[in-house]
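Note that the structure is predicted; figures quoted are calculated from it, not measured. We count ligands from 1, going down the list as the structure has it; atoms in each ligand are counted the same way.
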Amino acid sequence: MKIHEYQAKEILRKYGVAVPNGEMATTIEEADAAAKQLFSAGNAVVVVKAQIHAGGRGKGGGVKLARSLEEAAVYSKSILGMQLVTHQTGPAGQKVQRLLVEAGSAIARELYLGLVLDRASSKVVFMASQAGGMEIEEVAHENPDAIFKEYVNPAIGLQPYQARALAFKLGLEPAQIGEAVRFMLGLYKAFIETDSTLMEINPFITTKDGKLLALDCKINFDDNAMFRHKDLKELRDLSEEDPLEVEASKYALNYIKLDGNIACMVNGAGLAMATMDIIQYAGGSAANFLDVGGGANQEQIENAFGILLSDPNVKAIFINIFGGILRVDVLATAVVAAAKKLNVQLPIILRLEGTNVEEGRKILAESGLKFEVGATMKEAADLAVAAAKGVN
Ligand code: GDP
Ligand code: MN
């Protein structure tokens with residue numbers, strides 16, 4: 001689960017991690033009031049920041065520095081409601097529905113801090129780099145040595161000596177090391193206690209008067225842990241998420257929308273991954289990842305069809321089922337009923353294997369509907385690719 005920068009900064013504040021003062025605004029009036037307050041508190045600069053669930057806002061024109069109330073108002077008006085395009089939003093961009101209006105900082109250095117769950121070592125890795133304010137993926141690709149790492153032993157947590165080592169590698173002043181260590185320990189505590197999977201401070205800045213601040217903050221939470229964080233769950237902003245994915249999550253379907261035109265309906269995440277691979281291998285492209293789970297019933301299959309059919313890019317539906325817990329005849333009955341009920345006109349290609357597969361094939365054959373069944377995964381994928389191209 002993703003949250004906005006202003007929400008992430010609110011969390012950091014609770015953990016004693018320094019962030020600029022600021023207010024979230026959903027209207028021009030709120031933005032004006034926040035700017036007025038910050039200017040009258042003695043700030044020379046106020047920053048107007050678009051709040052969307054994507055990075056790269058600065059380059060896209062979603063972060064502006066204002067030196068007067070009038071200037072702040074001009075920026076708020078232009079950013080609020082704009083369709084902000086960044087390298088993370090895709091070409092259509094994301095509509096800006098909220099702003100963060102905050103006190104401007106006099107930046108001395110832009111650094112980078114990041115925490116992420118490293119699956120290879122089964123540990124949280126704490127990363128730091130002097131190359132802050134730019135895309136860290138690019139730094140990792142072109143100059144991986146510029147990213148310093150400390151792996152955290154989960155039993156004892158981040159140790160002060162590890163934070164100190166990173167602080168020295170960042171080239172901080174001796175007088176800043178103690179504060180940097182407290183900053184990093186605060187971040188680690190926030191990361192663990194909120195069950196985060198990613199926390200990024202980019203940039204982590206030093207100011208001209210020697211202070212340390214989180215100027216930007218991105219946090220992702222572990223969806224599987226949200227049941228024990230009712231307060232964090234409320235931070236979810238559904239308007240930032242893909243509407244089909246939101247719909248699918250209501251039915252406990254594991255659905256991720258992709259750019260291709262062959263819809264997939266599969267039981268099991270591993271098989272779903274293999275299905276996307278084989279579609280690609282056969283020369284096509286998947287419109288989605290969809291795992292209907294092991295215990296899918298007719299209602300669940302109907303919901304899944306509904307979601308797949310609401311994607312206008314979809315030209316064919318590839319159902320790839322290995323009957324284990326889910327029996328193939330039960331699945332076939334559900335597919336026939338759902339296809340009839342929803343009057344599915346698109347070609348449906350199936351590959352079925354496992355428990356009661358013969359009964360399943362018979363149900364499809366006798367349904368009166370036109371299904372294509374591939375004998376193997378590859379054959380079914382070829383059929384699906386051809387169908388999506390309108391070849392047969
Ligand atoms: P992102 O582009 O979505 O990552 O948004 P950021 O919050 O990281 O802002 C982008 C850039 O704007 C930062 O790297 C800074 O260079 C600049 N910026 C943001 N806030 C301030 C500020 O208070 N003062 C100054 N001088 N620059 C800022
Ligand atoms: Mn940033």
> Going by the order shown, which atoms of ligand 1 are within less than 4.0 Å of some heavy atom of N202?
Replying inline: 8 (O)
> For ligand 1, is there an N or O atom under 3.5 Å from any N or O atom of L65?
Replying inline: no
> How far is atom 24 (N) of ligand 1 from its nearest protein heavy atom, and which residue and atom is that?
Replying inline: S105 O, 2.9 Å
> Does M134 reach ligand 1, in the sense of a heavy atom lying below 4.0 Å from it?
Replying inline: no
> Just checking, is any N or O donor in the side chain of Q97 or S239 under 3.5 Å from an acceptor N or O on the other one?
Replying inline: yes
> For D216, what is the atom name of its N, O or S atom nearest to the Mn ion (ligand 2)?
Replying inline: OD2
> Which atoms of ligand 1 sit under 4.0 Å from any heavy atom of G104?
Replying inline: 23 (O)
>> Whether the side chain of E379 engages the backbone of R351 through a donor-acceptor N/O pair (distance < 3.5 Å, no angle test) should be reported.
In response: no
>> Give me the residue, atom name and distance of the protein heavy atom closest to atom 11 (C) of ligand 1.
In response: V63 CG1, 4.8 Å
> Pairs in or reaching into residues 191-214: which pass ring pair (Phe, Tyr, Trp, His ring centres under 6.0 Å), with residues at least two apart or in two chains?
Replying inline: F183-F204
> Which option, L100, I107, V48, owns the non-hydrogen atom nearest atom 28 (C) of ligand 1?
Replying inline: I107
> Have Y112 and E200 got a donor and an acceptor in their side chains that come within less than 3.5 Å?
Replying inline: yes
> So, for atom 17 (C) of ligand 1, does the protein have a heavy atom nearer than 4.0 Å?
Replying inline: no
> Is a side-chain donor or acceptor of N288 paired with a backbone partner of C264 at a separation under 3.5 angstrom?
Replying inline: yes
> Nearest non-hydrogen atom to atom 14 (O) of ligand 1 belongs to which of E110, E102, R57?
Replying inline: E110
>> Under 4.0 Å from atom 22 (C) of ligand 1, is there at least one protein heavy atom?
In response: yes
> At what distance is the nearest protein heavy atom to atom 6 (P) of ligand 1, and which residue and atom is it?
Replying inline: D216 OD2, 3.5 Å
>> For atom 2 (O) of ligand 1, which of the options G58, A103, G22 provides the nearest non-hydrogen atom?
In response: G58
>> Starting from atom 20 (N) of ligand 1, what is the nearest protein heavy atom, named by residue and atom, and what distance separates them?
In response: L215 CD2, 3.4 Å
> So E5 and K9, salt bridge (Lys or Arg N to Asp or Glu O under 4.0 Å) or not? Walk me through it.
Replying inline: CA-CA 6 Å; E5 176 195 8; K9 283 179 165 169; 2.7 Å; yes
> What's the spacing between I3 CD1 and Q51 CD if we round to 0.5 Å?
Replying inline: 10.5 Å
>> Please check whether E5 reaches ligand 1 - meaning an N/O of the residue sits under 3.5 Å from an N/O of the ligand, judged on distance alone.
In response: no
>> Tell me whether Q94 contacts the main-chain N or O of I52 through its side chain, where contact means a donor paired with an acceptor under 3.5 Å.
In response: no
> Rounded to the nearest 0.5 Å, what separation is found between the CE atom of M273 and the CD1 atom of I278?
Replying inline: 14.0 Å
>> For atom 7 (O) of ligand 1, what's the nearest protein heavy-atom neighbour? Residue, atom name and distance, please.
In response: K49 NZ, 2.5 Å
>> Using a 3.5 Å distance criterion without hydrogens, assess whether the side chain of D118 forms a donor-acceptor pair with backbone atoms of V124.
In response: no
